[in-house]
4 protein chains.
Amino acid sequence: MAVGKSTVRRTWRRRAEARPDEILTAALDEFIACGFDAARMEDIAARAGVTKGAIYLYFEGKEALLRALIEREVAPFAERLEAAADAGLADPAGTLRQLAQIINVVIGQSRIFAIPILVVSISNRFPDLAQHYRERVVARGRAALERLIRRGVELGQFRSVDPAAAARAMMGPIMFEMIWTHALKGPGGRDGAWLANHFDILLNGISRQEDP
Amino acid sequence: MAVGKSTVRRTWRRRAEARPDEILTAALDEFIACGFDAARMEDIAARAGVTKGAIYLYFEGKEALLRALIEREVAPFAERLEAAADAGLADPAGTLRQLAQIINVVIGQSRIFAIPILVVSISNRFPDLAQHYRERVVARGRAALERLIRRGVELGQFRSVDPAAAARAMMGPIMFEMIWTHALKGPGGRDGAWLANHFDILLNGISRQEDP
Amino acid sequence: MAVGKSTVRRTWRRRAEARPDEILTAALDEFIACGFDAARMEDIAARAGVTKGAIYLYFEGKEALLRALIEREVAPFAERLEAAADAGLADPAGTLRQLAQIINVVIGQSRIFAIPILVVSISNRFPDLAQHYRERVVARGRAALERLIRRGVELGQFRSVDPAAAARAMMGPIMFEMIWTHALKGPGGRDGAWLANHFDILLNGISRQEDP
Amino acid sequence: MAVGKSTVRRTWRRRAEARPDEILTAALDEFIACGFDAARMEDIAARAGVTKGAIYLYFEGKEALLRALIEREVAPFAERLEAAADAGLADPAGTLRQLAQIINVVIGQSRIFAIPILVVSISNRFPDLAQHYRERVVARGRAALERLIRRGVELGQFRSVDPAAAARAMMGPIMFEMIWTHALKGPGGRDGAWLANHFDILLNGISRQEDP
DNA sequence: AATGAATGAGGCTTCATTCAT
DNA sequence: TATGAATGAAGCCTCATTCAT
């Protein structure tokens, strides 16, 4: 009985504690679907299963929603990239090939890769968010790729290329795939081979030419 | 007298005829600066040196402004790319290196490379514009690069890679540079060497290895 | 154990019984500080040390709070005035001078003299409250002053003025002092001599001229 | 014909130029009727014969409306008081009696005497407006009365009272009449004799006692 | 008796668009 | 062709009030 009571209460509590996250997820969906300005608070609320006013119990306003969202999504985004890269320092070439395949799959499946596009589209009006993203995600992702490439050079897998330039060269195709998939919505791109192909070409470009 | 009158009239006419273009340019600037939704008709008008109402003499409304803008900018954009590519079919490798340098310079100088970002940021709400852009610019640009690469393979400059894949791989860095320059506004990128570096790596990746 | 329990309970009860009064006091403070409309139920609750919902256990709503407040404050306000006046019927002139001094001190010390201003500022929207105040406080206060003056005339302290007019003439400075102190917040007025001065002049105006 | 055209245009222009004033007048009416917070922009607009949005062509918002209103009303208010007072420096006693009668009449006729009540009721939330009013109207009005009384003393009409104290004593009844008329709306007060009576008593209080 | 999450009506303000001149 | 006053729909946000716990 006492247990029953506690359970009930817990249900109630759990909802209240989960609200901010539910709202943020709803906001992400709306922002991606309509853009920051065209997204209506009421639609975000509806998507989260609450009413307009409820959002303001947890967030100061629309801009706060955007900021909290970036905050919530950006760190894991960067960390996943880094962790995956650093876990494969023993075999840089193989790891880069794997990364290409994984990213290719995830891009098609997860909403998370729509976030960079959201960030880009609001970057002129929220320069600090753009900066945050640049430093937390792009810079860290590039640094992780750089570490892989530098190690590949040390191991003799790659030629002695400039790791920074090579890492940067790899960001391009990733961004292109995101935009192609989530914004321009080009057809046929989702067969999963493209990014791997791009990386192959890049890897070819930096690899040691062992066989003539 | 007649001369005077005619002169005055001509001046006046010229302005009147130039209006739509001035307005579109103003609109482009505002759209890039604030995004489509946040751009105010009044600010566009002010930038163009007219009043709000005058815009409606030439355009149906805000969305029409956007469409006309894309229309006006997209075709030349694609044609310039194509012309430059096709003019260099005699030396694909050299042409691609040149293209990288030219694009790199133009990206930093011209507002024109902010247009793709604008298109991307509104693509979810105006899918037809996205499609238009995809087909008119991205697809044609890719096809032009493809022709270059195919010719390079025929000439023996490049290995027998898949021209489509290689062309696509080259779009990524271009897009990255645009976004980095016009949206994320990363520092230090505008030294002009990066895109050339990326292309070098890619060209390395597809080039025939003449020297062992 | 029983004792402990009862003690706890009593403490608890006492608080519960005190709640309505605490809430009303908090409401008065907020109403005075912000006005009726701008006062927020949440701030009233916070001032009273409870949560928003608790107020509704004791009062129907915001307007009920206002009415209860006027009810609670108005009667004692009037009664104090009356009692003080009637207690001094033996020496009207002296009593009026004393009243001036007492009021002057209390105006500066107590929130109670901010109530008339509150009433005035909401009087157009709650005419019944205004009427209530008019009849319960202003009219009774004036009547008390009138009795004093009439007695003064009878005693030969004052000339045979119209007691009603003279009483009314004395309300003005009091109101002016309240407004000056609690609303317009003029500087320097709180030295305590002004109201006495005003009354002196008024008393001079109605006093018998014993000395030629 | 040319005249006709010009007339039409003038009509149009005149309306546009008159708008701010019409809106302010409407705002004053609403603010007095409902108080600042309860007054709705839409009702103000309706009273002015325009739509909500039109107000924002001329004023920044609701608070700006209030400020412009005070600005517009306060100066003439003070100037009229001063001019009337200074015009009568030759006969202070008579002038003060006249002033009492004039004010008494105007209080009953004009909305202008509801402004002090409006100011008082918002003074806690807009302290700068209160200060402005205090300095521009109350202080100047008091100074004008002071000049009259000082001159009266010099001329021998009045005893050698403190002019500042006497002037201040005269403000009270005026304020009381305003509040009584426009806020508490006491019945029967508008017979026009009261303020004159108050002033008589005050004048008696400060006058030289020529007859024993 | 008390909490605090949630509601929803309603206000202020903005801005694309229209239209008389 | 051009103006700019005016509209009115729509969005953000607040807050008095309710209610499950």
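A quick note: this is a predicted structure, and the numbers were derived from the prediction, not measured. In what follows, every chain begins at residue 1, and chains take the letters A, B, ... in the order their sequences are listed.
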d(A/Leu28 CG, A/Glu73 CD) to nearest 0.5 Å is 5.5 Å

**Prompt:** Does DNA chain F take part in any stems of at least 3 consecutive Watson-Crick or G-U pairs (both distances under 3.5 Å), and if so, which ones?
**Reply:**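 Ordered by first number, the stems with DNA chain F (at least 3 consecutive pairs each) read E:2-21 with F:2-21.
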
Test salt bridge (Lys or Arg N to Asp or Glu O under 4.0 Å) on B/Glu30 and B/Arg40; report intermediate values, then the result. CA-CA 8 Å; B/Glu30 279 296 307; B/Arg40 294 161 70 248; over 6 Å; no

D/Gln131 meets the side chain to side chain contact (heavy atoms under 4.5 Å, CB included) criterion, sequence neighbours left out, with D/Arg134, D/Glu135

Whole-Å distance, D/Ile44 CD1 to E/dC12 P, equals 8 Å

- Query: What integer distance in Å separates A/Arg19:CZ from E/dA5:P?
  - Reply: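 After rounding, the reported distance stands at 11 Å.
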
Side-chain atoms of residues 114-121 of chain A: list all donor-acceptor pairs with protein atoms under 3.5 Å, sequence neighbours left out, distances to 0.1 Å.
residue: A/Ser121; atom: OG; partner: A/Ile117; partner atom: O; Å: 3.4
residue: A/Ser121; atom: OG; partner: A/Leu118; partner atom: O; Å: 2.9

Salt bridge (Lys or Arg N to Asp or Glu O under 4.0 Å) pairs touching residues 50-66 of chain C, sequence neighbours excluded, are C/Glu42-C/Lys52, C/Glu63-C/Arg67

Between P on E/dC12 and CZ on D/Phe59, what's the gap in Å once rounded to a whole number?
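Distance check: D/Phe59 CZ to E/dC12 P gives 16 Å.
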
**Message:** For a quick test of reading the model: is some side-chain N or O of C/Tyr58 closer than 4.0 Å to OP1 or OP2 of E/dA2?
**Reply:**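 C/Tyr58 to E/dA2 OP1/OP2: side-chain N or O found under 4.0 Å.
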
I need the CG-C1' distance between D/Leu66 and E/dC12, as an integer number of Å.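 D/Leu66 atom CG is separated from E/dC12 atom C1' by 15 Å.
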
Next on the checklist: Could you measure the distance from the CD1 atom of B/Ile122 to the CG atom of B/Leu66? Nearest 0.5 Å is fine.
Outcome noted: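 Taking CD1 in B/Ile122 and CG in B/Leu66, the distance rounds to 4.5 Å.
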
For this session: Before giving the answer on side chain to side chain contact (heavy atoms under 4.5 Å, CB included), spell out for C/Arg72 and C/Thr25 the whole-Å C-alpha distance, their side-chain angles and the decisive distance to 0.1 Å.
Result: CA-CA 10 Å; C/Arg72 184 186 78 167; C/Thr25 300; 3.3 Å; yes

Checklist entry - Just how far, in rounded Å, is P of F/dC15 from CD1 of A/Ile55? => result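 Rounding to the nearest Å, CD1 of A/Ile55 and P of F/dC15 are 17 Å apart.
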
5' to 3', nucleotides 13-18 of chain E under a 4.0 Å protein heavy-atom cut-off (B base, S sugar-phosphate only, - none) gives BBSSBB

query: How would you list, by chain and number, every residue that makes a ring pair (Phe, Tyr, Trp, His ring centres under 6.0 Å) with D/Phe31, sequence neighbours excluded?
result: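 With sequence neighbours excluded, D/Phe31 shows a ring pair (Phe, Tyr, Trp, His ring centres under 6.0 Å) to D/Phe36, given in chain and number order.
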
From CG of A/Leu65 across to C1' of F/dC13 the rounded distance in Å is 13 Å

